[in-house]
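Contents: one structure, followed by commentary.
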Amino acid sequence: MFRVVAASSTSPASTAFACQFPRFHPSRMRRTARLSSGRRPEAPASSSSSLEPGEAPGGPSPPAVRVFARKKKRSGEAVRAEQKQPKVEPLLSRKPSELPDIEEFAYKNPNGSAFPGHSKQNSNVIVQVNGVVSQVRPKGAPPSNWEKVLEGIRMMRSSEDAPVDSMGCEKAGSSLPPKERRFAVLVSSLLSSQTKDHVTHGKYSAVQRLLQNDVLTADAIDKADEESIRSLIYPVGFYTRKASNLKKIATICLAKYDGDIPSSLEELLQLPGIGPKMAHLVMNIAWDNVHGICVDTHVHRICNRLGWVSRPGRKKTSTPEETREALQLWLPKEEWVPINPLLVGFGQTICTPLRPRCDKCGVNELCPSAFKETMLKKKS
DNA sequence: GTCCAGTTCT
DNA sequence: AGAACAGGAC
C-alpha cells in the first residue's frame, strides 16, 4: 500500500472526486501535493514506522499519487449541498505517522461517518503509484458492480446443482415444536460442519438416526452415554470430538437454558465446538435473529477473490472473522443470510478452492482474480 | 499422496 | 501460523 495521498490535477474529474470526498477539494489538493513532492514536514528522516515497501529508509520522497475518479453527473444542488459540509482538519496539521493510508483517508466523511447508503458512486477510486494504476476502495464502501456480481452468481446457481442445495441445517427438525426444532438446528449445524452434507442429512443421515432413536433433545443426549452418541453419529467427520461436545452442550443447555439453546451470540460461543461460523448460522436459522453473516471458508475465499473485502493496508482479509466484519460494513442486511448458501454452492461447483473454473464462471469479467489461480502449483 | 473444513489447541 | 481431528474422494 501507500501512505501519502496527493493529487496534482484540478481537472473536472478530480473536482468531481473532491465533491465526493471534500478533503480532496482542489484547494486542499494543491496543499497536499506539496506534501508528496518534497520532504514531509516534521518527518524524522530515521522514522521507518510509516515506510511502505518500495520506500527506502531516509531515501527519496514518497511516490506521488495521482487520483482520478469516475465522471458522473451531479446536480448543482447536490454539489452545493456537499460543499456546505463542515471543514475537516487539514492534512498538514497531522504528523506523518498519523497520515492514514488511502483507504482510511478516503472513506471518512467530514463528519467522521462512514459512507451512507450503498450506492455505487463511492466505489473504486483509481490511483496511480509509481506508474502502476490500481483500484482502491474506501473502507466500508460497497465494491463496484457488486449487485451485478451477485445477480450473476444467482444465475449460475439456479442452473447448477450444488450439494448445499439439497441438504442443509435449515431443514433440520422442521416438523418439531420450536424448542426441539432449535435444538435440532444446533445439533445439525454441529454435525454437518466439516463433513459431506449427505452424511449428516437426508433419509439415512446422522441427524435422522438421532431423531429416530429419540436422542435429539438436550434431555435425551444428556442421559445417553457418549459411546452410543458416537456410534449414532458415525461416520460424520470428527465424530469422537463431536460426540463429546454434544454431551457437554446438552448438559449446559439443560442446566442453564431449560433444555433450549442459548439465544444470544455470546452464549452460543461459550458452547464447546461452537465458533463464530456456527454461532451466526444458529442465530440466523434457529432464532431468525440476524446478528452477522455466517462466513465459512467458501464465503471467505470468494469474497477475497472478488475483492469484496480487505483490511487497511492489505488487499485481502486473512481470517473468516475479518471477512465477516469487512463484508458487514457494506453488504445490505437483507443479503446477510442468503449470501451464505449462495456462495457456498458457488464455491462447491465453480469457484472452487483449487483450480477454480473461471472459464465456466458467468462473472469472470467482473472478477479481479479471474484466471489468476489456474496455474498448477509447482512442486518444490 | 492431497484435499476437504471449523474449531481448538499449541 | 500451524497442527490436530476422521475418513472418503480422487
Side-chain angles (χ1 to χ4, degrees), chain A residues 161-170 172 185-202 204-207 209-210 226-227 229-250 252 261-262 265-286 291-305 309 311 314 316-325 327 339-357 373-380:
Chain A
D161 203 26
V164 72
D165 296 329
S166 47
M167 331 281 178
C169 69
E170 290 85 349
V185 169
L186 178 63
V187 172
S188 178
S189 318
L190 189 71
L191 293 183
S192 65
S193 84
Q194 306 138 274
T195 197
K196 301 292 178 192
D197 283 326
H198 68 271
V199 175
T200 40
H201 300 282
Y204 303 106
S205 69
V207 178
R209 283 194 298 278
L210 289 175
E226 197 171 312
E227 172 57 38
I229 301 289
R230 199 186 312 157
S231 53
L232 281 173
I233 64 175
Y234 182 88
V236 300
F238 313 114
Y239 58 90
T240 309
R241 178 165 302 170
K242 280 175 180 174
S244 157
N245 284 339
L246 225 42
K247 284 286 290 179
K248 289 177 191 158
I249 287 173
I252 293 168
I261 66 172
L265 204 59
E266 292 72 24
E267 290 170 302
L268 282 168
L269 288 168
Q270 298 304 307
L271 301 176
I274 302 292
K277 184 257 175 188
M278 299 221 310
H280 281 106
L281 185 68
V282 169
M283 284 304 287
N284 295 349
I285 306 297
H291 279 239
I293 298 168
C294 173
V295 175
D296 61 16
T297 67
H298 296 289
V299 177
H300 176 58
R301 175 182 73 253
I302 295 167
C303 287
N304 274 295
R305 280 184 180 162
V309 290
R311 59 171 170 173
R314 291 184 190 264
K316 293 174 181 291
T317 54
S318 54
T319 66
E321 269 299 89
E322 277 179 17
T323 298
R324 185 179 60 74
E325 291 181 355
L327 198 55
I339 192 88
N340 178 271
L342 184 75
L343 294 191
V344 170
F346 180 51
Q348 288 170 334
T349 54
I350 297 174
C351 199
T352 49
L354 202 61
R355 287 187 287 278
R357 311 307 313 275
E373 294 179 46
T374 51
M375 320 288 204
L376 286 165
K377 274 184 190 170
K378 279 183 187 175
K379 286 179 186 174
S380 52

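Note that the coordinates shown come from a computational prediction; the quantities given were computed from them, not determined experimentally. We name chains A, B, ... by the order of the sequence lines, and we start the count at 1 in each one.
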Output the rounded distance in Å from CG (A:Leu269) to P (B:dT7).
9 Å
Quick one: A:Lys277 NZ to B:dT8 C1', roughly how many Å, whole number?
16 Å
Please list, pair by pair, any protein nitrogen or oxygen found under 3.5 Å from a nitrogen or oxygen in nucleotides 4-6 of chain C.
{"from": "C:dA6", "atom 1": "OP1", "to": "A:Thr240", "atom 2": "OG1", "distance (Å)": "3.3"}
{"from": "C:dA6", "atom 1": "O4'", "to": "A:Phe238", "atom 2": "N", "distance (Å)": "3.3"}

Atom pair distance, as rounded to whole Å: CD1 in A:Ile249 and C1' in B:dG6
13 Å
Base, sugar-phosphate, or nothing for A:Pro320, non-hydrogen atoms under 4.0 angstrom?
nothing
Could you tell me how far apart A:Lys242 (NZ) and B:dT7 (P) are, to the nearest whole angstrom?
10 Å
If you measure from the P atom in C:dC10 to the same atom in B:dA5, how many Å do you get, rounded?
14 Å
The ring pair (Phe, Tyr, Trp, His ring centres under 6.0 Å) partners of A:Tyr239 (sequence neighbours excluded) come to A:Tyr234
Could you tell me which residues satisfy side-chain hydrogen bond (donor to acceptor under 3.5 Å, both in side chains) with A:Arg305, sequence neighbours excluded, listed by chain and number?
A:Glu373
Distance check, P atoms only: C:dA6 and B:dT10, in whole angstrom units.
15 Å
Counting side-chain heavy atoms from C-beta on, which of B:dA5, B:dC4, B:dT7 comes nearest to A:His298?
B:dA5
Would you say that A:Val295 contacts A:Glu321 through its side chain, given a criterion of any heavy-atom pair below 4.5 Å between the two side chains?
no
Any side-chain heavy-atom pair of A:Leu210 and A:Leu191 under 4.5 Å
yes
Nearest whole angstrom, please: distance from the C1' of B:dG6 to the CD of A:Glu321.
12 Å
Rounding to an integer number of Å, can you tell me how far A:Asp296 CG sits from B:dC4 P?
13 Å
Give the table of side-chain donor-acceptor pairs shorter than 3.5 Å for residues 267-283 of chain A, with sequence neighbours excluded, one pair per line with atom names and distance.
{"from": "A:Glu267", "atom 1": "OE1", "to": "A:Ser264", "atom 2": "OG", "distance (Å)": "2.9"}
{"from": "A:Glu267", "atom 1": "OE2", "to": "A:Tyr257", "atom 2": "OH", "distance (Å)": "3.2"}
{"from": "A:His280", "atom 1": "ND1", "to": "A:Pro276", "atom 2": "O", "distance (Å)": "3.1"}

For A:Glu227, the side-chain hydrogen bond (donor to acceptor under 3.5 Å, both in side chains) test, sequence neighbours excluded, returns A:Arg230
May I have the distance from A:Ile233 (atom CD1) to C:dG7 (atom P), rounded to whole angstrom?
11 Å
Those residues that, when tested against A:Thr297, pass side-chain hydrogen bond (donor to acceptor under 3.5 Å, both in side chains) (two or more places apart)
none
At under 4.0 Å between heavy atoms, what does A:Asn245 touch on the DNA or RNA strands: base, sugar-phosphate, or nothing?
nothing
Rounded to whole angstroms, how far apart are CG on A:Leu354 and P on B:dC4?
6 Å
